[in-house]
Structures are given as C-alpha cells and as structure tokens.
**Student:** 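My questions all concern the structure below.
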Amino acid sequence: MHILILGGTTEARALAGLLHGEVRVTSSLAGRVANPRLPEGEVRIGGFGGVDGLVEWIGGHAVDAVIDATHPFAERISFNAARAAATAHVPLLALRRPGWVPEEGDRWVSVPSLEAAAEALDALGERVFLTTGRMGLAAFADRPEWFLVRSVDAPDGPVPARAEILLDRGPFTLGGEREILARHRIDVLVTKDSGGAATAPKLTAAREAGIPVVVVRRPPVPEGVPVAATPEEAAARVLRG
C-alpha cells in the first residue's frame, strides 16, 4: 500500500512516523519553508501543478490513498486534493487538529479573513503582535499600527510600514510569550485559528495580560471529506483499510 501525505505540519510528521514501516509513505511538502523538518519515509518537495498534476502523480506512483494533513488554512491544496482524489478514484482523509476554544477571561474577536482582521484593529490597539505567518501580510501593509511580525522565514512580500520582524519557530513557551508581550508593550494579538499546542501559549499569555485577540476563523474542510482529529486516528483508519 502506498500512502501520499500532503504534509508540512507537526501532525503530518507524526502520521508519517506511525505509518512508516507498515506501508509505503510519501510525504509531500509545499516548499514554502527554507529548512523544513523532514518526516520519516519518502519525501517530495514542491507543488504538483494543480489538480491535473496531482492526479497524474497519484496515478504514476500507484498511490492507494491520500491524506490531507496540510495546515488548516491551506485551503487551495485541500480543495485540489479533494478534486484530484475524486478524479483518480482513491480515498481521501483529512487530518485536522481541533481548533482553539475560548476560555473564561479571553477577549477574542472572531473574523473570517486577514482583511477583516486588519479592519478590526481600528478599535483594539496600536502595538500588534502579528502571528499569522509571512503569507498574507499584504492585508496589513497599509495599517498605521506598529507590528511585531513573527514567522519562520523572512517575509518576501509587502509588510506593514512600521514593523519589526521576529524569525522564530514553535513550539513556544508560556514564559517566552509573556516576555514578548511585556517587552514590546503589545496591546493586541492577531492569530489564525491553527489549533494545536505548539503555538497556543500566546493565547494564555494574552488572557493573563487582558489583551484582545483577533482570531481568523479557519476555512471548512471540503464537503464529503472524512476528518480525523489526531495522527493516531488517521493511522488507524488507513491501516484498517
């Protein structure tokens, strides 16, 4: 059995580790991070060239099933995967970590997009901790606020005029996030609802400091695609056939 994992996430690496040695596993990484953490098994890096390219790759490499374990906000590849799997007549499973849930004391503002997040800043603060990654920073490029932009790699597109870039990779600690908020006098946090524990400490730090958090809602999984919440659940489904 040959499983294609559309990966790049912590969960994708864990899933590859669970399946490696049981079945043939190929993990596909988009190549947007300069030095990605590589999973066990075979690895390919780069796009497929859209739906047709993915269909061709599935057929040319005798793939028996596809697992979409991409980032919850990788909407385009998720919908391409759904169309390609249907065209190639192979099963598709989405692996999605559960989203974050607000707790007592949280001051969350839920928005549907990065553009809406930028607009929400009008009434929230002047010093922004922007943790949405380097993609999509153009939505904030014309904003007057000061931004601390955290990303794994340096941005290569438009960024806010008043910005400091912090290159760092999770997991992050609660102590570290507290220190960042205090040192930079942050009064509003902007994040995507990525879920998971690796980047969640910033939410706790913001709650403790009474700082509002603008949370960009994640896009839905394509209709009809089954979802597993953990790598263990996904591996069990695959191995059961």
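Numbers here simply count residues along the sequence, with the first being 1. Computed from a predicted structure; not experimentally measured.
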**Student:** Does the side chain of Ile165 reach to within under 4.5 Å of the side chain of Arg134, using non-hydrogen atoms?
**Tutor:**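 No, side chains not in contact.
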**Student:** Output the distance between atom OG1 (Thr204) and atom NZ (Lys202), rounded to the nearest 0.5 Å.
**Tutor:**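 Between atom OG1 of Thr204 and atom NZ of Lys202 there are 11.5 Å.
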**Student:** Nearest 0.5 Å, what's the CG-CG distance between Leu189 and Leu130?
**Tutor:**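 Leu189 atom CG to Leu130 atom CG measures 9.0 Å (nearest 0.5 Å).
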**Student:** Could you check whether atom CD of Glu56 has more than 12 heavy atoms from other residues, nucleotides or ligands sitting under 6.0 Å from it?
**Tutor:**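 Atom CD in Glu56 is not packed in, count stays at 12 or less.
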**Student:** Between Pro72 and Asp193, is any pair of side-chain heavy atoms under 4.5 Å apart?
**Tutor:**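 In short, these two side chains do not touch, never coming nearer than 4.5 Å.
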**Student:** Using 4.0 Å as the upper bound for N to carboxylate O, is an ion pair formed by Glu126 and Arg143?
**Tutor:**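 Salt bridge: no.
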**Student:** Any carboxylate oxygen within less than 4.0 angstrom of a Lys/Arg side-chain nitrogen, looking at Arg24 and Glu42?
**Tutor:**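 Judged by the 4.0 Å cut-off on N to carboxylate O distance, Arg24 and Glu42 do form a salt bridge.
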**Student:** Hey, mind stepping through Glu177 and Arg150 against salt bridge (charged side-chain N to carboxylate O under 4.0 Å, His left out) and telling me if it holds?
**Tutor:** CA-CA 12 Å; Glu177 300 294 60; Arg150 182 165 69 188; 2.8 Å; yes
**Student:** Would you call Val109 and Val215 a side-chain contact if the rule is heavy atoms closer than 4.5 Å?
**Tutor:**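 No. Closest side-chain heavy atoms not under 4.5 Å.
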**Student:** With a 4.5 Å limit on heavy-atom distance, are the side chains of Trp146 and Val128 in contact?
**Tutor:**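 A side-chain contact is absent here, since even the closest heavy-atom pair is not under 4.5 Å.
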**Student:** Please state whether the rings of Phe73 and His71 are parallel, tilted or perpendicular, taking 30° and 60° as the class boundaries.
**Tutor:**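 Ring orientation of Phe73 relative to His71: tilted.
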**Student:** What I want to find out is whether Asp153 reaches Arg169 closely enough, with some N-O distance under 4.0 Å, to be called a salt bridge.
**Tutor:**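 No, this pair does not count.
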**Student:** Verify the distance criterion only: is there a donor paired with an acceptor across the side chains of Arg44 and Ser28 at less than 3.5 Å?
**Tutor:**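 There is such a pair (donor and acceptor under 3.5 Å, judged by atom type) between the side chains of Arg44 and Ser28.
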**Student:** Looking at Asp142, I want to see if its CG is surrounded by more than 12 non-hydrogen atoms of other residues, nucleotides or ligands under 6.0 Å.
**Tutor:**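 Check fails, neighbour count at 12 or below.
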**Student:** Among Leu137, Val159, Thr132, exactly one meets side chain to side chain contact (heavy atoms under 4.5 Å, CB included) together with Val149. Which residue is that?
**Tutor:**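 Among Leu137, Val159, Thr132, the one that satisfies the side chain to side chain contact (heavy atoms under 4.5 Å, CB included) with Val149 is Leu137.
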**Student:** Is there a side-chain contact between Glu208 and Arg178, using heavy atoms and a 4.5 Å cut-off?
**Tutor:**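 Contact flag for Glu208/Arg178 side chains = yes.
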**Student:** Could you please spell out the steps behind the side-chain hydrogen bond (donor to acceptor under 3.5 Å, both in side chains) verdict for Arg96 and Ser78?
**Tutor:** CA-CA 11 Å; Arg96 289 289 185 275; Ser78 292; 2.7 Å; yes
**Student:** Atom NE2 in His61, atom CG in Leu4: separation rounded to 0.5 Å?
**Tutor:**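 Rounded to the nearest 0.5 Å, the NE2-CG separation comes to 9.5 Å.
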**Student:** Could you check whether any side-chain heavy atom of Val90 comes within less than 4.5 Å of a side-chain heavy atom of Asp64, counting everything from C-beta outward?
**Tutor:**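 Answer no - side chains too far apart.
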**Student:** Measure across Val221 and Ala94 and return the closest heavy-atom pair with its distance rounded to 0.1 Å.
**Tutor:**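 Residues Val221 and Ala94, closest heavy atoms: CG1-CB, 4.0 Å.
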**Student:** Could you check Ser110 against Arg217 for side-chain hydrogen bond (donor to acceptor under 3.5 Å, both in side chains), going step by step and ending with a plain yes or no?
**Tutor:** CA-CA 7 Å; Ser110 179; Arg217 297 189 295 271; 2.9 Å; yes
**Student:** Calculate, to the nearest 0.5 Å, the distance between atoms CG and CD1 belonging to Leu15 and Ile3 respectively.
**Tutor:**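 With rounding to 0.5 Å, CG (Leu15) is 9.0 Å from CD1 (Ile3).
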**Student:** Quick one: do the Thr26 and His2 side chains pair a donor with an acceptor below 3.5 Å?
**Tutor:**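 Indeed, the side chains of Thr26 and His2 share at least one donor-acceptor pair under 3.5 Å.
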**Student:** Could you tell me whether Arg97 and Glu11 have a side-chain N and a carboxylate O separated by less than 4.0 Å?
**Tutor:**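 Looking at Glu11 together with Arg97, the answer is yes, because their closest N to O distance falls below 4.0 Å.
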**Student:** Taking Glu103 first and then Arg207, would you say they form a salt bridge - that is, a charged N and a carboxylate O separated by under 4.0 Å?
**Tutor:**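 Yes.
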**Student:** Do side-chain atoms of Asp168 reach the backbone of Gly170 as a donor and acceptor pair under 3.5 angstrom?
**Tutor:**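 Answer holds: no.
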**Student:** Can you tell me how far CD1 of Ile58 sits from OG1 of Thr87, rounded to the nearest 0.5 angstrom?
**Tutor:**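 Going from the OG1 atom of Thr87 to the CD1 atom of Ile58 covers 8.5 Å.
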**Student:** With a sphere of 6.0 Å drawn around CG of Asp52, does it hold more than 12 non-hydrogen atoms of other residues, nucleotides or ligands?
**Tutor:**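 No, not enclosed.
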**Student:** Take a 6.0 Å sphere around CZ of Arg218 and say whether it holds more than 12 heavy atoms from other residues, nucleotides or ligands.
**Tutor:**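 Atom CZ in Arg218 is crowded, with more than 12 foreign heavy atoms closer than 6.0 Å.
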**Student:** Measuring from Ile5:CD1 to Leu93:CG, what's the distance to the nearest 0.5 Å?
**Tutor:**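 These two atoms lie 10.0 Å from each other.
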**Student:** Donor-acceptor pair, distance only, cut-off 3.5 Å: does the side chain of Arg237 make one with the backbone of Val227?
**Tutor:**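 Checking the backbone N and O of Val227 against the side chain of Arg237, a donor-acceptor pair under 3.5 Å is found.
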**Student:** So, the side chain of Arg162 versus the backbone of Pro144: is there a donor-acceptor pair under 3.5 Å, distance only?
**Tutor:**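 Answer holds: yes.
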